[in-house]
Every structure is written in C-alpha cells, then in structure tokens.
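Down below is the structure, laid out as structure tokens.
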Amino acid sequence: MKILSIETSCDDTGVTIFEAKGGARNASFCILAHVVSTQDIHAEYGGVFPSMAKREHIRNLPVLTELMLKKAKLSGTAKAGLRHEGRRKKSPVDAIIVTQGPGLEPCLWSGIVFAQELAKKWSDGEKKVPVIPVNHMEGHAVSVFARPKGKFNITLPKSKFPMLALLVSGGHTELVLWEDIGKFKILGRTLDDAAGEAYDKVARMLGLTYPGGPKISKLAEEARKDLKGKPKKLGLRIALPRPMLHSKNLEFSFSGLKTAVLYAIRDMGKLTEQKKKKVALEFESAVAEVLVHKLAKAEEKYSPKAIILAGGVAANKFLRMEIKKFFKGKTILLPDKTLTGDNALMTGVAGYLEYLKDKKKSISAGGISAKGNLSL
Ligand code: KG4
Ligand code: ZN
C-alpha cells in the first residue's frame with residue numbers, strides 16, 4: 001500500500017511517501033519521496049517557540065506534500081481549496097499516518113488537522129482514506145531499522161525481542177524495554193530536563209544558537225583534539241556532577257547538571273573560546289557517563305537481544321562511541337545519521353507496523369486529538 005506520513009511534533013516538518021508491503025514481522029518498504037524541513041527561525045531564541053513552529057508547519061505542509069506527490073509521480077493535490085482532480089479522482093495514497101504525540105500540542109495539531117483534511121479530500125464514496133495516529137517515540141525506536149533512501153526490509157521475529165532502547169531527544173530521555181511490536185515498557189525517564197534540552201540550555205549559556213547539541217558536540221570534539229597528548233593544555237578545572245548516577249532506579253535528572261554549568265561559567269570570568277571548549281567537553285562527558293551508566297544497569301537487569309540508541313541526541317558522536325566501547329561484542333543498533341532527528345519516515349514505519357498489528361485499533365474512527373504527553 002502507498003502511504004503518506006506526516007511529522008510535526010516539534011520544529012521539523014517531515015513529509016514522506018512510501019510503499020509498504022508484507023506483515024509486521026517481515027515488512028518491506030520503498031521510499032518514493034522524503035523530505036524534512038528544519039525551521040531555522042528558532043535559532044536565535046535558544047529554543048522552539050510553539051506558536052511560531054505551528055505557523056511554519058501550516059505554511060510548509062501543503063507545499064512539501066505537493067512537492068513530494070510530484071516527486072513520487074502520484075496524481076492529486078494537497079492544496080487547500082482545490083478539489084482533488086487526480087486520475088479518475090483516485091486517492092494518491094491508501095492511508096495517511098500522522099504523529100499524535102508526544103510533542104508540542106499546537107505543532108501536533110497542525111499535522112493532525114492537515115492529515116484529516118487531506119483524507120477527507122482524497123476519500124470518495126467507494127474508498128475512505130484512513131488516518132493512522134502514531135507515537136513519536138515509537139518512531140524514534142524503529143528509526144534504527146529504516147534506511148533513508150530506496151528499499152529496505154525490516155524483520156522483527158519474536159526472537160529479536162526484548163530490545164533495550166535509550167531514547168534521547170529534546171523533549172525526552174527514556175529507557176524503554178521493547179518487548180514486542182507495539183509493546184513497550186518504560187523503565188526510567190528524566191525527572192526534569194531531557195538530555196537534548198540540557199544541551200540546548202547549556203549552548204545558550206555559551207552564546208550558541210539553537211539547536212545547541214551539534215554546536216556543543218563540535219566544541220567538545222575540538223577540546224578533545226587539543227588535549228590529545230597534552231593533558232594540561234586547557235588548564236581550567238571544572239568539576240561537574242553526574243546526577244543520579246548512583247540512584248537505585250533507572251531515572252535521570254539533568255537540571256542540576258545544567259545549574260552546575262551555569263555556576264561554573266559565572267565563576268570563570270570572561271568566556272574565551274578555550275573556556276567554552278572546556279565547558280562543552282566537561283558537560284558532554286557528564287551527560288554521556290550518566291546515560292551509559294544507566295543503560296548498563298538496565299542491560300544487566302533485562303539482558304536484551306539488542307541495544308538501541310535513538311532520538312536527536314543519538315547524533316552525538318561521543319555518545320555513540322562511548323556506547324559502542326562500553327557494550328563491545330553486544331548488538332548495538334543506531335539510526336542512520338540522517339534519521340536521528342525528527343522525520344516522517346520513522347513515524348511512517350512505526351505507524352505501518354502498528355496498523356498491521358491491529359488494523360481496527362490503529363485507524364481512528366472519529367477524530368484524532370493531539371496528545372502532548374502521550375506515553376509509549
Ligand atoms: O528528536 P529530536 O530531533 O526532536 C525532539 O523530538 O525533541 O531531538 C532534538 C534534540 C535537540 O535538543 C538537539 O540539540 C539534540 O537533539 N541534538 C544533539 C545533537 N544533535 C541534535 N545533542 C547532542 N549532540 C548532537 N550531535
Ligand atoms: Zn523527536
């Protein structure tokens with residue numbers, strides 16, 4: 001079946017059209033058109049403004065969908081007000097998948113309303129185009145199996161489960177036991193800031209623009225290079241805490257770490273490039289140490305068949321490296337570098353698997369409501 005997938009949970013407008021075949025345990029996908037438009041209007045504000053992001057999604061969605069339909073060589077229009085004049089008025093796709101949550105509610109609504117309007121426009125007396133709501137975090141978890149181009153297969157026999165997923169993004173930090181298709185158990189999550197959020201806030205303290213993760217990561221990498229063989233070169237001593245490292249549970253907390261960075265910066269006088277590098281290095285090390293430590297604790301307890309690292313922060317080179325180093329010999333699954341951030345391919349794949357699992361349940365009979373705090 002041909003599917004249009006829409007992702008608008010935060011500041012990325014994602015539109016993907018793909019063809020999917022097969023059962024949930026052995027599905028094959030062929031990407032027909034795929035785009036992510038990242039909103040750069042938030043850069044100078046240090047974070048995402050929901051109302052501005054929503055406005056951008058509303059502006060982007062029809063334009064991007066129109067472009068993707070053309071790229072996929074499908075007839076039909078996504079433009080508001082225009083009647084669907086496709087070949088014999090047939091819908092260009094068999095279903096629409098849309099992110100229901102978690103995320104920023106105004107943004108989620110923009111995707112949901114757009115998906116529902118399209119479904120109405122593309123349905124006729126004979127055939128109704130279903131709208132399938134999907135959980136954004138499930139999308140991140142399955143992103144490790146997706147490929148950004150062409151065709152790929154996903155085989156998920158029962159024997160591949162359970163998997164242990166560390167999902168780290170701007171809004172979430174969760175340790176999840178993935179017990180089977182569509183079956184997740186949250187083992188621990190952050191009590192305050194998400195890891196990506198802490199990255200963004202520390203970046204702001206250092207005068208860097210949003211999103212801060214990639215910029216801090218770059219500075220930290222430079223610091224590591226500077227330090228190679230010259231351990232005293234960066235001089236300055238900064239001792240940052242490792243919040244909840246020794247707590248018995250699998251919860252996280254990053255707000256104290258962020259405050260410790262704030263105090264360290266306050267006490268160091270003029271912020272030079274060298275000092276920024278040192279802060280970035282120490283902060284990145286502290287975050288990675290806590291994440292790896294908790295992941296190891298969960299791994300020991302649940303003996304998963306594979307370890308997944310996904311979400312925006314999974315782009316972090318140092319974290320990827322530390323996890324590979326620590327869990328040497330185990331199966332580590334990481335998303336393709338172009339699929340760590342939000343995109344409609346990962347949510348489309350998750351939505352298709354959910355749809356196969358329970359067709360009736362996954363198709364919304366009435367309307368879909370945005371759920372900012374939707375849990376796995
Ligand atoms: O999953 P995502 O694209 O959006 C949400 O669902 O929140 O994650 C975005 C987050 C931002 O906080 C961003 O700073 C962080 O991922 N991020 C990174 C890196 N690239 C993006 N954090 C650390 N290192 C990176 N290289
Ligand atoms: Zn995300």
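Basis for what follows: all heavy atoms, side chains included, without hydrogens, waters or symmetry-related copies. Note that ligands are numbered from 1 as they come in the structure, with each ligand's atoms numbered from 1 the same way. What you see is a predicted model, and the numbers here were worked out from it, not measured in a lab.
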Give a yes/no on ligand 1: does [X] have at least one heavy atom closer than 4.0 angstrom to it?
X: H136; answer: yes
X: H140; answer: yes
X: P214; answer: yes

Just jot down the ligand 1 atoms closer than 4.0 angstrom to any heavy atom of [X], in number order.
X: G341; answer: 3 (O)
X: A315; answer: 20 (N), 26 (N)
X: G171; answer: 7 (O)

Look only at interatomic distance and state if N316 has a nitrogen or oxygen under 3.5 Å from any nitrogen or oxygen of ligand 1.
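Yes, at least one N or O pair falls under 3.5 Å.
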
Check whether any N or O atom of G196, backbone or side chain, sits under 3.5 Å from an N or O atom of ligand 1, and answer yes or no.
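Looking only at distances, the answer is yes, because the N/O contact criterion of under 3.5 Å is met.
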
Taking NZ, NE, NH1 and NH2 as the nitrogens, is one of them in K121 or E117 under 4.0 Å from a carboxylate oxygen of the other?
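Here K121 does not pair with E117 in a salt bridge, since their nearest N and O are not under 4.0 Å apart.
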
Nearest-contact summary for [atom] - protein heavy atom, Å:
atom: atom 21 (C) of ligand 1; answer: G312 O, 3.4 Å
atom: atom 12 (O) of ligand 1; answer: D200 OD2, 2.7 Å
atom: atom 7 (O) of ligand 1; answer: G170 N, 2.8 Å
atom: atom 22 (N) of ligand 1; answer: G213 CA, 3.4 Å

Looking just at side-chain N and O atoms, do E7 and S5 make a donor-acceptor pair shorter than 3.5 Å?
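Result is no, nothing qualifies.
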
Which of these passes salt bridge (charged side-chain N to carboxylate O under 4.0 Å, His left out) with D180: K357, K160, R25?
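Testing each of K357, K160, R25 against D180, the sole residue satisfying salt bridge (charged side-chain N to carboxylate O under 4.0 Å, His left out) is R25.
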
Among L319, D342, L167, which one has a heavy atom closest to atom 2 (P) of ligand 1?
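Minimum heavy-atom distance to atom 2 (P) of ligand 1 goes to D342.
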
When you look at F18 and Y352, which way does the ring pair (Phe, Tyr, Trp, His ring centres under 6.0 Å) test go after all the steps?
CA-CA 10 Å; F18 61 98; Y352 180 67; 7.0 Å; no

I332 and L309, any side-chain heavy atoms less than 4.5 Å apart:
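They are not in contact (no side-chain heavy atoms under 4.5 Å apart), so the answer is no.
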
Testing the basics here: between M205 and L271, what is the closest heavy-atom pair and its distance to 0.1 Å?
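Nearest heavy atoms, M205 then L271: O-CD1, 3.9 Å.
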
What pair of heavy atoms forms the shortest contact from L257 to A286, and how long is it?
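Looking at all heavy atoms of both residues, the closest pair is CD1-CB, 3.9 Å.
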
Look at the side chain of W122 and the backbone N and O of T77, then say whether any donor-acceptor pair between them is shorter than 3.5 Å.
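Yes; judged by distance alone, with no hydrogens or angles, the pair exists.
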
Answer yes or no: is there a donor N or O on one side and an acceptor on the other, between the side chain of S123 and the main chain of V129, under 3.5 Å?
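Checked: pair present.
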
N, O or S of C10 under 2.8 Å from the Zn ion (ligand 2):
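No, since none of the N, O or S atoms of C10 sits under 2.8 Å from the Zn ion (ligand 2).
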
Does R224 count as lying over the ring of F318, i.e. NZ or CZ under 6.0 Å from the six-ring centre, within 45 degrees of the axis?
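The answer is yes; both the distance and angle limits are met.
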
Of all N, O or S atoms in H136, which has the smallest distance to the Zn ion (ligand 2)?
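In H136, the heteroatom (N, O or S) nearest the Zn ion (ligand 2) is NE2.
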
What is the name of the N/O/S atom of D342 that is nearest to the Zn ion (ligand 2)?
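Nearest to the Zn ion (ligand 2) within D342's N, O and S set: OD1.
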
